[in-house]
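For reference, the structure I am asking about is given below.
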Amino acid sequence: MKYDYLIVGCGLFGAVFAHEAKKAGKRVLIIDKRPHVAGNVYTENIEGIQVHKYGAHIFHTNNQRVWKYVTQFAEFNRFINAPVANYKGELYSLPFNMYTFNKMWGVVTPEEAFEKIASQRNCAGITNPQNLEEQAISLVGFDIYEKLIKGYTEKQWGRSCRELPAFIINRLPIRFLFDNNYFNALYQGIPIGGYTRMVKNMLLDIEVCLETDYLKQKDVYDNVANKIIYTGAIDEFYQYRFGNLEYRSIRFETEYLQEVNHQGNAVVNYTDAETPWTRIIEHKWFEFGKNENGIDIPGTIISKEYSLEWKLGEEPYYPINDKKNKEIYDKYKKISDFDSDVIFGGRLGEYKYYDMDVTIERAMNVAEQEFGSK
Ligand code: UDP
């Protein structure tokens with residue numbers, strides 16, 4: 001065999017593993033079917049703006065080990081995510097905090113906000129939340145659920161909040177503080193110069209083949225390495241033999257506007273049911289409106305995100321964490337455990353709603369298992 005490891009997929013999982021394998025003295029080849037590295041964190045410089053081509057990625061972690069790891073490959077800026085929710089023209093601060101409660105109900109103190117939520121929870125009579133709707137109402141009350149959660153969540157997932165698991169909403173923090181910092185993370189920011197450069201730094205001196213579809217040439221590629229790290233969709237790898245897993249996909253409508261400032265924030269969520277997009281990203285604000293030389297960028301680029309059901313041939317984004325899909329995934333996982341020559345990793349390989357830091361940590365752990373800790 002020419003290589004010790006063939007890594008399928010140049011996203012974060014693949015790139016971290018490739019870096020570690022190379023460092024451990026292994027012979028590594030990493031391939032990707034797309035014409036670029038970096039997977040879904042890929043950013044492209046357009047008119048001096050780093051455009052997040054597959055959706056906004058804001059790095060955040062509480063894990064010091066992961067933070068130390070990523071900062072080897074990029075310097076991070078001090079971007080803090082403070083999204084705004086637009087409900088039929090009314091603007092609210094996210095995540096749910098004292099600014100949101102004040103705008104919604106006119107309450108001024110945390111105690112008043114707490115009482116308002118408690119009384120709405122009691123009215124709804126929910127003691128043991130069984131689904132996202134019940135969980136949301138019991139956490140933030142009826143009004144916030146109706147205006148800021150229901151429409152957005154149903155657009156994003158294409159399912160009723162009553163059919164969705166409660167834990168999805170637990171990603172959203174609730175604070176009785178005047179604090180719009182979405183991620184309550186110790187470390188956060190955006191890599192200066194873009195994610196693509198960061199991933200390229202991970203892949204320095206590593207052989208990369210782009211526009212190379214492993215599954216289309218499986219016979220060839222299975223014979224180039226002793227072991228495979230596969231970061232594509234696990235159901236596709238096994239030719240959908242137990243049926244296909246479901247995902248949500250996203251369509252992006254990206255446009256350049258000759259305006260300095262379109263929406264005054266990097267992220268604005270449209271939380272009503274009627275607006276067809278879920279959110280608008282104005283990419284330049286991830287870098288404070290300046291290019292790499294610190295010069296103000298004259299124009300702007302926005303992306304509207306439309307959430308849709310994934311169909312074969314489209315890009316899968318979010319795994320659907322419901323019972324039906326979990327049962328299918330468990331079958332794939334079971335057979336993959338017997339496949340000792342293949343390791344599955346990343347959002348698609350493990351069918352998990354992973355954030356970037358978790359993806360990196362998992363790749364570091366797999367590398368450690370393979371090569372021993374350093
Ligand atoms: N969510 C919501 N209203 C918002 C933003 C998020 O109800 O304005 C809910 C929604 O159910 C979503 C979940 O919170 O699926 C997690 O949102 P997050 O922004 O973390 O999702 P991601 O950034 O991964 O797309």
Side-chain angles (χ1 to χ4, degrees), residues 60 81-185 246 248 250 267-279 305-309 317-326 352-353 355:
H60 57 97
N81 192 26
V84 169
N86 182 326
Y87 176 79
K88 303 185 180 185
E90 290 171 27
L91 299 183
Y92 293 93
S93 297
L94 290 175
F96 311 127
N97 73 88
M98 284 304 295
Y99 290 113
T100 330
F101 307 143
N102 173 262
K103 179 88 188 264
M104 189 69 71
W105 300 309
V107 294
V108 171
T109 64
E111 196 182 346
E112 285 167 7
F114 194 80
E115 274 170 17
K116 190 86 191 167
I117 292 172
S119 84
Q120 295 201 349
R121 182 192 307 131
N122 291 342
C123 271
I126 300 160
T127 46
N128 181 17
Q130 295 298 315
N131 55 47
L132 197 151
E133 175 171 295
E134 293 180 4
Q135 176 75 348
I137 295 173
S138 71
L139 287 174
V140 288
F142 199 72
D143 297 325
I144 291 187
Y145 171 67
E146 281 294 322
K147 288 192 171 179
L148 304 183
I149 297 175
K150 189 172 190 297
Y152 186 90
T153 301
E154 294 188 344
K155 280 192 289 189
Q156 177 166 2
W157 295 99
R159 285 156 177 75
S160 152
C161 286
R162 290 196 200 103
E163 290 166 35
L164 287 165
F167 79 85
I168 290 182
I169 200 72
N170 297 345
R171 283 171 66 86
L172 266 173
I174 294 145
R175 304 192 189 108
F176 294 89
L177 295 171
F178 291 93
D179 179 4
N180 291 330
N181 181 350
Y182 193 78
F183 303 113
N184 221 347
E246 294 173 304
R248 291 299 286 173
I250 310 173
V267 183
V268 177
N269 291 359
Y270 285 77
T271 57
D272 65 293
E274 291 76 29
T275 307
W277 52 85
T278 50
R279 55 188 168 194
E305 289 185 17
Y306 298 83
S307 180
L308 37 123
E309 198 68 33
Y317 283 87
Y318 296 98
I320 311 265
N321 295 103
D322 62 8
K323 200 162 158 269
K324 175 181 141 201
N325 283 289
K326 190 180 174 309
K352 297 272 172 350
Y353 189 2
D355 282 335

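In what follows, residues are counted from 1 in the order of the sequence shown.
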Item checked: Short side-chain to backbone donor-acceptor contact, Thr100 and Ser93, under 3.5 Å ->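 Yes.
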
Notebook entry, point to check: How many angstroms lie between NZ in Lys323 and CD in Glu163, if you round to the nearest 0.5 Å?
Noted result: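 The NZ atom of Lys323 sits 13.5 Å away from the CD atom of Glu163.
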
Margin query: Suppose we screen for salt bridge (charged side-chain N to carboxylate O under 4.0 Å, His left out). Which residues come up paired with Lys352, at least two apart in sequence or across chains?
Written below: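 For Lys352, no residue satisfies salt bridge (charged side-chain N to carboxylate O under 4.0 Å, His left out) once neighbours in sequence are set aside.
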
Item checked: Qualifying ring pair (Phe, Tyr, Trp, His ring centres under 6.0 Å) pairs, either residue in residues 126-151, two or more places apart ->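 Sorted result for residues 126-151: empty, none.
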
Notebook entry, point to check: With sequence neighbours excluded, what pairs up with Glu111 under the salt bridge (charged side-chain N to carboxylate O under 4.0 Å, His left out) test?
Noted result: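 Checked Glu111 against salt bridge (charged side-chain N to carboxylate O under 4.0 Å, His left out); zero matches.
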
Next item on the list: Check ring pair (Phe, Tyr, Trp, His ring centres under 6.0 Å) between Phe114 and all other residues, then give those that pass, not counting sequence neighbours.
Entry: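 Once residues adjacent in sequence are excluded, the partners of Phe114 under the ring pair (Phe, Tyr, Trp, His ring centres under 6.0 Å) criterion are Phe176.
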
Notebook entry, point to check: Can you tell me how far OG1 of Thr109 sits from CD of Glu115, rounded to the nearest 0.5 angstrom?
Noted result: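 Here the interatomic distance stands at 7.5 Å.
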
Note to self: Given 3.5 Å as the limit, does a donor-acceptor pair link the side chain of Ser119 with the main chain of Lys116, or not?
What the structure shows: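 Confirmed, Ser119 side chain pairs with Lys116 backbone.
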
Margin query: Could you check whether any side-chain N or O of Lys103 sits under 3.5 Å from a backbone N or O of Leu91, counting only pairs where one atom can act as donor and the other as acceptor?
Written below: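 Present.
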
Next item on the list: Evaluate the ring planes of Tyr270 and Trp277, with Trp represented by its six-membered ring, and classify them as parallel (under 30°), tilted (30 to 60°) or perpendicular (over 60°).
Entry: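 Ring orientation of Tyr270 relative to Trp277: perpendicular.
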
Next item on the list: Have a look at Tyr99 and tell me which of Asn180, Leu94, Leu177 forms a side chain to side chain contact (heavy atoms under 4.5 Å, CB included) with it.
Entry: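 Among Asn180, Leu94, Leu177, the one that satisfies the side chain to side chain contact (heavy atoms under 4.5 Å, CB included) with Tyr99 is Asn180.
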
Check: Is there a donor-acceptor pair under 3.5 Å between the side chain of Arg162 and the backbone N or O of Ser160?
Finding: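 Not confirmed, Arg162 side chain does not pair with Ser160 backbone.
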
Item checked: Residues in side chain to side chain donor-acceptor pair (under 3.5 Å) contact with Ser138, at least two apart in sequence or another chain ->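 Ser138: no side chain to side chain donor-acceptor pair (under 3.5 Å) contacts found.
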
Notebook entry, point to check: Quick one: CZ on Phe96 to CD1 on Ile169, what's the gap to the nearest 0.5 Å?
Noted result: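 Separation between the atoms: 5.5 Å.
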
Next item on the list: Could you tell me which residues satisfy salt bridge (charged side-chain N to carboxylate O under 4.0 Å, His left out) with Glu90, sequence neighbours excluded, listed by chain and number?
Entry: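 Salt bridge (charged side-chain N to carboxylate O under 4.0 Å, His left out) list for Glu90, sorted by chain: Lys147.
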
Notebook entry, point to check: Does any non-hydrogen side-chain atom of Asp143 lie less than 4.5 Å from one of Gln120?
Noted result: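 They are in contact (side-chain heavy atoms under 4.5 Å apart), so the answer is yes.
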
